[in-house]
Amino acid sequence: MTDEKSLIEGCLKGHESYQYELYKRFAGRMMPVCRRYAGSREDAEDYLQEAFIKIFEKLNLYRFQGSLEGWIRTTVVHVCLNKLRSRKLYGDISEDFHVADTHTPDGMQNLGEQELLTLITGLPVGYRTVFNLFAIDGFDHAEIADMLGISEGTSRSQLAKARMVLRKALAEKKTKYSHADKA
Amino acid sequence: MLIRHNEDDLDKVFRQKLYNAEEETPLHLWEGIRQQNTRKRKTFVWWWVLPTAILTMSAVVYLLHNDHSRFNPIAQIATDKKTQTTIVFNSEKSETISAGSTKGKEGLKETENPRLTERIRELEEQPKFNRINYSNSKNKVPINKTLELSNSNSESKESYISPNSDEIAVQEPDLGVSSMDSIVTKTQTLLSQALQESIEQDVFSGGLPFIGPTEDKVPLRWSMGLYYALAQPMRIKQPNAQRGAYSQFVDRTQLGLSHGAGVMLSYSLPWHVQISAGIEYQRFHERHDWIDSTLVQNKTYVFDYDTTTTFTGTTITQYVIDSVETNEWKTQSNSRINRYSSVNIPVLLSWSYPFKKYSLGLEVGPVFRVQSIYNGEFVFANWQSLPPTTNIWTEASDASSSVLISKNYEVPTTQVYRNWRTDLHIGIHQSYSITSRVATSLSVQTRIMMNEPRTAGNTAHRIIQPGLRVGLNYLIK
């Protein structure tokens, strides 16, 4: 397997084999990222394609500080946000009401990746974007506010609402499963 | 991965499950990225290649068309080997040089007129201080230097031209006697150039493809050529090609051979341009390997059950509460041998420039394939994996591809099509004159088949045929 430095250098020289190697190494891990932000699988594929084109274009900006995967992940997230912004999908984010967090239902650990992904993609775009950025990708509210052009307060309220909707959905899911078990 | 203190339970679960999640990516994604990258690289290259090519071509055209013979009436007129050149010094003495075509530069020095030879030698031996006299003297002796070129008489003659004559071709005022040596030297140079050009123009130096001389001053001429061409057909995938909403295909390999022979008639126009038209017979075959990838969409449903008990008994109602889509790509390898035979009408516009006996040029034009027969023969077609398609939810799914894959794949037999198509011909040609009427030619050419004959739903390729062509050309008149 090619080491990271040679891989990057090969990509910068425009060698297709190196670019393919980089794609193979990271595309599988970046696909779920795109799926989390995009509403559908088709959109996610589109975002991923766009993200890798951008990665090959901007790879010269990678300064070998921090992991390559981290840099690629950040690029992918930014591409997803740009795509959502261009489609005006999270233009409706607003600070409207305060939501009190409720208790997280038990048994969540048993849910699979696909089920959690389905729950996230079922969220409204604004909730989904903030939840992804904060809860999974680890950005703080100041960064999110900056990235999305909203206030920190809005970011917090969107996150709270996202959590509330998810908890509700999980609680319903648990009830349904328990019905099915009884049946 | 960033870990926060006092992290929300919900966030924690989602982060643990999804941060490092991995899943397969479809094949066509990389294909799309690769194409985009290639397109960007090509665009970048063209930004450099195009201006460079234009600059180079402009420089070549400028240099070629700024040949001094165009501005030098002596050299321009002296294109006939029967030319007689008369040099008149001081309107009193006339010396004639017989510029026979069999003589080169050496022949010029040894003129047939002993008086001129002697005079040249005498002038060459003249002391250099005369030049000082020339530059300082106010009493310069005017000299009219005239080169008269005549085609009418092959014999030497003396002519006396008055200073007012319109036939004065080169008139340099205030030339002193002392500059006689430079006049003679210049005259010798001009004559030698004129003679060289007259020799060159009698050679069938024009270029291929099929064509005769192209000098502007030469009357327009017809020529004819026979040629044989050998090429390697190659397929190029057209951008954004798709075979269907849920289908993509990836790279392919191909092997093939194309050969054709024809006859072409050409007509020389000014400015080294020639127009040619002909007829040719061409056959080619290729092996075409490709892989189809088809997206198979599967939907898995999560059911819930309601139990209702009435006096008639217990009813269990089943309903869908959730669905999970899984997409799989199934690949199919194909290989097919295609054979084409066609009668073509090439119409080419070419530009060539002669360098003594050689010429080099470019050619471009459409090739009309009047008749084309296509035989497509599948060597094999093999599904790599066939997914199970029988499940109780098929009807609920809109994935039409699941119906497609459940069928046995039928291998088509040989098909024959007859078409009218247009190709684009681009080439660089080079020729060599064997005699004044016969020339051989060698060309590097490419034909781009703008529309491939219809195959089984495959319209996403363009075939190019880079190759070589050799020809024998004859100047008719």
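- In this structure, B:Trp30 and A:Tyr20 have tilted ring planes: the angle between them lies in the 30° to 60° band.
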Next item on the list: Go through B:Asp11 and A:Ile136 one step at a time and tell me if the side chain to side chain contact (heavy atoms under 4.5 Å, CB included) criterion holds.
Entry: CA-CA 7 Å; B:Asp11 294 3; A:Ile136 304 173; over 6 Å; no
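- For the pair B:Ile33 and A:Phe52, the tightest heavy-atom approach, listed with the atom from each and the gap, is CD1-CB, 3.5 Å.
- Proximity to chain B is limited to the side chain of A:Phe131, based on heavy atoms less than 4.5 angstrom apart.
- Between atom CZ of residue A:Arg167 and atom CG of residue B:Leu10 there is a gap of 5.0 Å, rounded to the nearest 0.5 Å.
- B:Arg34 forms no cation-pi arrangement with A:Tyr23, by the criterion of a distance under 6.0 Å to the ring centre and an angle within 45° of the ring axis.
- Salt bridge A:Arg41/B:Glu23: present, at least one basic N to carboxylate O contact under 4.0 Å.
- At a threshold of 4.0 Å, the pair B:Arg15-A:Asp137 does not count as salt-bridged, since none of the basic side-chain nitrogens sits closer than that to a carboxylate oxygen.
- At a 4.5 Å heavy-atom cutoff, the contact between B:Glu24 and chain A is made by backbone atoms alone.
- By number of non-hydrogen pairs under 4.5 angstrom with chain B, the leading residue of A:Leu119, A:Asp46, A:Ile120 is A:Ile120.
- Summarising the geometry of B:Ala21 relative to A:Pro32, their closest heavy-atom pair is O-CG, 3.3 Å, with the distance given to 0.1 Å.
- Ranked by heavy-atom pairs shorter than 4.5 Å toward chain B, the options A:Gln49, A:Glu50, A:Lys24, A:Met30 are led by A:Gln49.
- Rounding to the nearest 0.5 angstrom, the gap separating the CG atom in B:Asp9 from the CZ atom in A:Arg163 is 10.0 Å.
- Annotation for B:Thr25 and A:Met31: closest pair CG2-CB, 3.9 Å, computed over non-hydrogen atoms.
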Notebook entry, point to check: Given B:Asn20 and A:Arg29, is the side chain to side chain contact (heavy atoms under 4.5 Å, CB included) satisfied, shown in steps?
Noted result: CA-CA 7 Å; B:Asn20 289 320; A:Arg29 270 177 267 173; 5.6 Å; no
